[in-house]
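Only one structure is covered here, and it is reproduced in the block below.
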Protein chains: 2
Amino acid sequence: MKQDIRLSEVARAARVSIATVSNVINDKGRVSTATERRVRRAIEQLGYAPNLLARILKTNQSRLIGLVIPTARPGRLQDNPFYWDLLAGIEEGARDRDFHIILAGIEEGDETFAFVKERQLDGLIYVGASEEGGAVERVLELGVPCVFVDSYLRDARLYQVCLDDRLGGLLATQHLLELGHRRIAVLPGDIAPERLHRNGVLQERWSGYRLALEEAGVGYDPRLFMRYPTSMEGGLQAAAWLREAGDVTAVFSFSDISAMGIVKGLRQEGLGVPADISVIGFDDLCLSGYMSPALTTVSQNIVQKGLAAIRLLVDQIEQEAGFSRKVVLPVELKVRETTGTPA
Amino acid sequence: MKQDIRLSEVARAARVSIATVSNVINDKGRVSTATERRVRRAIEQLGYAPNLLARILKTNQSRLIGLVIPTARPGRLQDNPFYWDLLAGIEEGARDRDFHIILAGIEEGDETFAFVKERQLDGLIYVGASEEGGAVERVLELGVPCVFVDSYLRDARLYQVCLDDRLGGLLATQHLLELGHRRIAVLPGDIAPERLHRNGVLQERWSGYRLALEEAGVGYDPRLFMRYPTSMEGGLQAAAWLREAGDVTAVFSFSDISAMGIVKGLRQEGLGVPADISVIGFDDLCLSGYMSPALTTVSQNIVQKGLAAIRLLVDQIEQEAGFSRKVVLPVELKVRETTGTPA
DNA sequence: ATAATATAATTAAACGTTTAATCAACATAT
DNA sequence: ATATGTTGATTAAACGTTTAATTATATTAT
């Protein structure tokens, strides 16, 4: 499909040079109103649409933003509905500001990010980057504007969007403590305690959990640290463990998706939620409020997170960057039906 | 960011012409092994990455695929987790075949699809296209390979991926009939009965429903046709209506997301599921099996749907199109906990 | 009337590739 | 020795824009 109408044809039709047509299109002025009208009519009649590639080649502005998301199992994006809401926000914001989103699932270890240079991307939104593996360094070397979402990178010069995760952890745990729980298990994800500090999001939520315990004068028992994948399946496994444990009366899962698995699992094991065990999650997925029983959780506005990320990035691209490089979005405790006083 | 290394610099370093370098890169042969080695080393040393834009400009092959998804409320992608799974499949397939996905939320009425020509997209995957509004015609005029997902367009020349929706409707309804239900309400979505034939997916599921009733000798009562949006909220409204109706013992919702709303709503209204009313959905979202009670539903493999769509499209782009233009994926009834015998 | 300036349009060179056409060098066949 | 063919490399034109430099024309100031 060779371009059917190009600048030169519009120029011929309007009896002007291609430079003039270009000037009209890009509002460069230097064109009389008479010819401008002639040109516009020609564009209209021929149904001309500019070839962005040629333009980008010349101007180096692709109006294309890469959305980088690490894949989970080899090659497939993680199956957490969380991402869809995030994407909805990002896409909406991009469209408003006349950018397009290109999706790039990557395998963090061996990704070279060649596509960024090849396609001349204007910027990158990197979700859940981890400081290990060198992927972040490789991204930064590209010299392309970048916003990191949920990444907690140490370098203060980086643009980042995250949540008040620690407060979230604090609120969740305080809520359980106030209900009278003392044996509160915690499920950060598929990660060992000693590696927790490598993952900012989990680390922060964890800090909140520990802080709340401390303030309440409740000792921390390392045996209450569970390690299962962040998925429905992981939640089921956690539930099985909880029944074995026996004395646990509440669980704080760091994500709704595994919290749902836990609720499901506990009920299958014949335990009542919240009668026997209280469950609290994190995220407030659009479904969480509609489960039966409805999930108590720490709520974040995921769509807003996406919007914030794209705004930060586009401002940066268009050199309108504000003072702040880090946006911290609020959390809110949503008490619903899966938490109650211990038996 | 002007391209740091270009073909000419590699050529200079290897002491050959740029044409030769190009030939090496594209494996065109006509290069002696000695110079080839020299060139490759130069590429390696300089860290050269080709500028795809320039290449595309010349070859008209962007290796870029547009994913077109109609937006719901002004400007925002619909909040149905369904799409994330679909996207995961599409993205995985695209990466395997060395394509990238560009996301395009559109407002079906006034979309001109200018971006397709502007960015020289190689192909389009259009999800849930409707025959009204002329959007499909406008897409076809572009002359770009296209695959329609869940669209049921009449034109047999079009490439389409869909589900055996009618069978799904049939199985769901038969299941309820076999349990002994006779007053079976149906919730296709926010659409009037007389406009149902405009929406292929709903129309087909509806046909299945009617067929099952007929085979069972159960008359169809138009009052059992509900009209509420395909969302949690819509489900809640449907639940309220169901309580008013009084004599309905089962509901068939054409999507899981509203089925979940119904279950939630009925329980709020003090009705038991399935004790008082059975509920069956459609989709089998990853969460559906984990709700309490777990949702009985017609299951489809959404990720596979995405993979099928991308395969069909890429085959078409690379002129390897097979004989069949239409892929119909199977459905499966998943009986779980929200259906039972009527009281 | 002439010079200086502002306005409107054109020319031509880039941007970084691919590729058809061409050429040089050499081997092989007559 | 000449014609023929093969192999390996180069040249130069194209892809569809933008834009700096330039020219032509009209306007204003002296």
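Every chain is numbered from 1, with letters handed out A, B, ... down the list of sequences. Computation of the quantities below employed the complete heavy-atom set of this structure, encompassing side-chain atoms and omitting hydrogens, waters and symmetry-equivalent molecules.
- When distances run from any side-chain atom of Leu7(B) to the nucleotides dT18(C), dT11(C), dG16(C), the shortest one goes to dT18(C).
- Arg55(A) pairs by the salt bridge (charged side-chain N to carboxylate O under 4.0 Å, His left out) definition with nothing, not counting sequence neighbours.
- The CG-C1' distance, from Leu53(B) to dT18(C), rounds to 14 Å in whole Å.
- Lys28(A) and Glu36(A) are not joined by a salt bridge, as no carboxylate oxygen comes within less than 4.0 angstrom of a charged side-chain nitrogen.
- A straight line from CD1 of Ile5(B) to C1' of dC15(C) spans 16 Å, rounded to a whole angstrom.
- Remark: P of dC15(C) and CD1 of Ile56(B) are 19 Å apart, rounded to the nearest angstrom.
- Protein atom CZ of Arg15(A) is 12 Å distant from nucleotide atom P of dT10(C), rounded to whole Å.
- Side-chain contact annotation: Gln61(A) with Asp122(A), donor-acceptor N/O pair under 3.5 Å absent.
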Protein-nucleic acid N or O pairs under 3.5 Å, nucleotides 6-8 of chain D:
from: dG8(D); atom 1: N7; to: Arg30(B); atom 2: NH1; distance (Å): 3.3

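- Taking atom CG of Asn51(B) as the reference point, atom C1' of dC15(D) lies 13 Å away to the nearest angstrom.
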Treat primed atoms plus P, OP1 and OP2 as sugar-phosphate and everything else as base, then score nucleotides 19-26 of chain C 5' to 3': B for base contact with protein heavy atoms under 4.0 Å, S for sugar-phosphate contact only, - for none.
B-------
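- To the nearest angstrom, P of dA9(C) lies 12 Å from CZ of Arg37(A).
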Steps toward side-chain contact (heavy atoms from CB on, under 4.5 Å) verdict (Thr71(A), Arg76(A))
CA-CA 5 Å; Thr71(A) 51; Arg76(A) 168 111 20 114; 5.9 Å; no
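- The side chain of Tyr48(A) sits closest to dT17(D) out of dT10(D), dT17(D), dG16(C).
- Atom CG of Asp4(A) and atom P of dC15(D) are 14 Å apart (whole Å).
- Comment: Asp85(B) does not engage Lys305(B) in a salt bridge, judged by the lack of any side-chain N to carboxylate O separation of less than 4.0 angstrom.
- A side chain to side chain contact (heavy atoms under 4.5 Å, CB included) with Arg97(B) holds for exactly one of Asp315(B), Ile65(B), Leu313(B); it is Asp315(B).
- Under a 4.0 Å N-O distance rule, the pair Glu9(A)/Arg6(A) qualifies as a salt bridge.
- One interatomic measurement links the two molecules: CZ of Arg12(B) to P of dA9(D), which rounds to 20 Å at whole-angstrom precision.
- Side chain of Arg311(B) to backbone of Gly93(B): no donor-acceptor contact under 3.5 angstrom is found.
- Remark: of the listed residues Ile25(A), Asn23(A), Val24(A), Ile25(A) is the sole one forming a side chain to side chain contact (heavy atoms under 4.5 Å, CB included) with Val21(A).
- Look at Arg55(B) and you won't find any side-chain N or O under 4.0 angstrom from OP1 or OP2 of dT17(C).
- Both Leu57(B) and Val16(A) sit near DNA chain C, but only Val16(A) has its closest nucleotide nearer the 5' end.
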